[in-house]
Participant: 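If you scroll down you'll find the structure; I have some questions about it.
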Number of protein chains: 4
Amino acid sequence: MKRSEMKVKKKKEDIILSAIAIMNRQGTKGATMEQIAAELLMTKGSLYYYFRNKEDLIFQCHVLVLSRANEDIQQVVSSDKSYEERLREMIALHIDYAINEKETFNMIIRPDKTFAEDQLQPLFEKRAIYSRFFDEIIERGIESGEFEKVDVRMVRMILLGAMNWIQQWYKEDGKKSIEEIQQVYADYLIKLLK
Amino acid sequence: MKRSEMKVKKKKEDIILSAIAIMNRQGTKGATMEQIAAELLMTKGSLYYYFRNKEDLIFQCHVLVLSRANEDIQQVVSSDKSYEERLREMIALHIDYAINEKETFNMIIRPDKTFAEDQLQPLFEKRAIYSRFFDEIIERGIESGEFEKVDVRMVRMILLGAMNWIQQWYKEDGKKSIEEIQQVYADYLIKLLK
Amino acid sequence: MKRSEMKVKKKKEDIILSAIAIMNRQGTKGATMEQIAAELLMTKGSLYYYFRNKEDLIFQCHVLVLSRANEDIQQVVSSDKSYEERLREMIALHIDYAINEKETFNMIIRPDKTFAEDQLQPLFEKRAIYSRFFDEIIERGIESGEFEKVDVRMVRMILLGAMNWIQQWYKEDGKKSIEEIQQVYADYLIKLLK
Amino acid sequence: MKRSEMKVKKKKEDIILSAIAIMNRQGTKGATMEQIAAELLMTKGSLYYYFRNKEDLIFQCHVLVLSRANEDIQQVVSSDKSYEERLREMIALHIDYAINEKETFNMIIRPDKTFAEDQLQPLFEKRAIYSRFFDEIIERGIESGEFEKVDVRMVRMILLGAMNWIQQWYKEDGKKSIEEIQQVYADYLIKLLK
DNA sequence: TATGAATGAGGATTCATTCAT
DNA sequence: CATGAATGAATCCTCATTCAT
């Protein structure tokens, strides 16, 4: 990739990151192209140089976030630790996302209904891949005897739901630190598999 | 209350209900006063007879939903069944909300950031009351020896998070019926307390 | 039709008339909704109360103009004068349109390519009806022996083309008055049929 | 003229030709600099090396087309055939333009109102020259006795109008071939002079 | 010469809100 | 009470134009 292409890619990413931040603060409809541009000290018009329209920008936001999340979780999944250990790490990572990258995180867990079918498809697939990482670890854990036999899909849903919810109540100055939450959640959630 | 006042109250409720439906379908910003009015065969202008402005309408939506939810859950809480039994019923009720009244439900669990501080307060209080019902049953269950000692707040968060998430994946024609989900979730979630 | 409906219809017509004027001065793209509104001392927003969007407004312009033209020409066609006489009157009428209602006239003769197929259809039909009035008189004139046998469609095309062109060069302070032009054109064009 | 100057001139012509094509398809306002550039595999920015601005480009389009038309028609006019023969050839040529070079043709017949007075002047002159070729043949035909005495200007207007209109209805797969149309039109139009 | 990037002025459209009737 | 009509601010988007490289 040439220097110039790199630069464009970088710029696009900057824009996407800003957009994600604002959209999660104010919702998809609430975030205006003007604001997004302003945040980056650009003009509205410039945004349209990089993205065809608002929908396109939103779409790319989702793509970026989901791709990154899948890369990260893959790292954890493919280690050679015990399944419980790996699941604990996955939980910690997911919670970290939920809290520290709250903004991007919402893009992972909540689909945007404004997309057309053909755009929705690739997003759903990426989300499915993310889920499957959890299923995989649970299944293999059961096979190995580390975990008790459970309804894998249901348990995965419970895990994810419980974790996704954290961002709704977490406060930096709350009683529990992030590490504590990661610890407590892992302990309780692993209980479902024992 | 006079006849006419009753009528106004009824009308307000009708409007709120329609508004909730539309807002959950399209988001707060996505729902227009026009649409809400149209759904009820009224005109935009009439809405303003009943509500000062859109913000007021949204606020009243939240109030209504939260009040009802609290009334419903209170019924369950104040029975004289075992604590596990009562918790199972609360779980069933909450899941029923999450699936069958998805639209109103989102008002309970997701706060709307567009409110001013003084409006936010009463909403938070109602939401806190709802949460406390769960805490109460868990605590009393522990005291009575039915449940094992746990971090009440954390476990409540896990319960609610897990259940709230159901609406994101539930499909009417899916593999599991609502009853099955209620059953499975109750079983797994109670495990956290045993 | 009730009083209020009348009023709306009247207003729509006013808007359409203004729109036609501006559009013919500056082209479809050149005319802005702002301008059209300003001409009528309304605001942009008000226009959208009466017309869904710009395309709709343009479409209605065409419909109105074509309908009126057909009504007018029908009057002439259904008299009981000789065919030559009637054709002369049709020519006079058409030329009158071309010169005095230049603005509306362009809507009759030049199709707008911006329309979707389903909107284009009714417009084409109306335009076809207008053409058929000419064909009819020419054909019946031939049958009656008043006119010599000709290729009806070709001759009609020549007639209309010749007349439509007038607006491109006519000037109020030119050498020929409208009446003279109507006279001269009728004389020459009738020659094609003799 | 130096090699490099030639190259620039050639490039300018290419641009103008593309511009004409697009403008006639979508109107002056509808054609964007972007499109015109894209058609030639250049970038928007490059256009501005060759033309001061859009208005300049449009102006040059008109100039080129009109110049060429005048050259072509001059050829026919200055032959030594009979006047009727020459007029027939001029009609054939003009119709050929109207159908086969529809795009450029519209530049000849329809003035663009967006020009400033000082730009308009040279265009009008060229258009006048084109007209005068027709007048000349008609006049000389009358003098020679080939044609009957007529109002030259009026007849010329009828001729041009009738022919210009053809492009509005001509279809490649229609009933009449171009040659037939040229034939029929010549026959009918010459009738006006006999 | 050519281009990629940026800009800002407009233009279409939406929508909460107001108000006379 | 209800509504039709009007408004204006906000928003998305387009495009001619500029300019550094």
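What you see is a predicted model; the values in this text were computed from it and never measured. Residue numbering restarts at 1 for every chain, and letters A, B, ... go by the order of the sequence lines.
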Participant: Please say which of C:I20, C:V65, C:I16 ends up in a side chain to side chain contact (heavy atoms under 4.5 Å, CB included) with C:Q60.
Facilitator: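 Answer after filtering C:I20, C:V65, C:I16: C:I16.
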
Participant: Do B:H62 and B:Q119 come within less than 4.5 Å of each other through their side chains, counting heavy atoms only?
Facilitator: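 Contact flag for B:H62/B:Q119 side chains = no.
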
Participant: Quick one: B:I15 CD1 to E:dA16 P, roughly how many Å, whole number?
Facilitator: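 The answer, rounded to whole Å, is 14 Å.
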
Participant: With a 4.5 Å limit on heavy-atom distance, are the side chains of C:M42 and C:I15 in contact?
Facilitator: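 Yes, side chains in contact.
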
Participant: Using atom CD1 of C:I22 as one end and atom C1' of E:dA12 as the other, report the distance to the nearest whole Å.
Facilitator: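 In whole Å, E:dA12 C1' lies 15 Å from C:I22 CD1.
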
Participant: Could you give all pairs that pass the ring-ring contact (aromatic ring centres under 6.0 Å, His included) test and reach residues 23-59 of chain B, with sequence neighbours left out?
Facilitator: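 As it turns out, the ring-ring contact (aromatic ring centres under 6.0 Å, His included) pairs with a partner in residues 23-59 of chain B, which skip direct neighbours, are B:F59-B:F115.
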
Participant: In this structure, how many angstroms lie between the P atom of F:dA16 and the CD1 atom of D:I36, rounded?
Facilitator: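 Atom-to-atom, D:I36 to F:dA16, this comes out as 8 Å.
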
Participant: Extract the stems that DNA chain F is part of, considering only consecutive pairing runs of at least three Watson-Crick or G-U wobble pairs, both distances under 3.5 Å.
Facilitator: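 For DNA chain F the paired stretches long enough to count as stems (3 pairs minimum) are E:2-21 with F:2-21.
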
Participant: When you measure from the side chain of B:K54 to the backbone N and O of B:A31, does any donor-acceptor pair fall under 3.5 Å?
Facilitator: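 Checking the backbone N and O of B:A31 against the side chain of B:K54, a donor-acceptor pair under 3.5 Å is found.
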
Participant: Can you tell if the side chain of C:L17 reaches within under 4.5 Å of the side chain of C:L64, non-hydrogen atoms only?
Facilitator: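 Yes, close enough: below the 4.5 Å cut-off.
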
Participant: Rounded off to whole Å, could you give me the CG-to-P distance for the D:L57 and F:dT17 pair?
Facilitator: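 Distance check: D:L57 CG to F:dT17 P gives 10 Å.
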
Participant: To the nearest Å, give me how far apart OH (B:Y48) and C1' (E:dA20) are.
Facilitator: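 One finds 17 Å between C1' of E:dA20 and OH of B:Y48, rounded.
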
Participant: Can you check the B:M23 CE to E:dC15 P distance for me, whole Å?
Facilitator: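 Going from CE in B:M23 over to P in E:dC15 covers 13 Å.
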
Participant: Between E:dG11 atom P and A:M33 atom CE, what is the distance in whole Å?
Facilitator: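 In whole Å, E:dG11 P lies 21 Å from A:M33 CE.
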
Participant: Sub-3.5 Å donor-acceptor pair from the side chain of D:S67 to the main-chain atoms of D:V63, do we have one?
Facilitator: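 It does hold such a pair.
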
Participant: Quick one: B:R52 CZ to E:dA16 C1', roughly how many Å, whole number?
Facilitator: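 The distance from CZ of B:R52 to C1' of E:dA16 comes to 15 Å, rounded to the nearest Å.
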
Participant: Each nucleotide in nucleotides 4-10 of chain E should get exactly one letter: B, S or -. Can you fill that in based on protein heavy atoms under 4.0 Å?
Facilitator: BBBBB-B

Participant: So do the side chains of A:L57 and A:M33 get within less than 4.5 Å of each other, counting heavy atoms only?
Facilitator: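 The answer is yes, as the side chains (C-beta and beyond) meet within the 4.5 Å cut-off.
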
Participant: Within a strict 4.5 Å, meaning less than it, do heavy atoms of the D:Q35 and D:Q26 side chains meet?
Facilitator: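 D:Q35 vs D:Q26: side chains touch.
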
Participant: Counting the atoms with a prime plus P, OP1 and OP2 as sugar-phosphate, which does C:A37 contact under 4.0 Å by heavy atoms, base, sugar-phosphate, or nothing?
Facilitator: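 Contact class for C:A37: none.
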
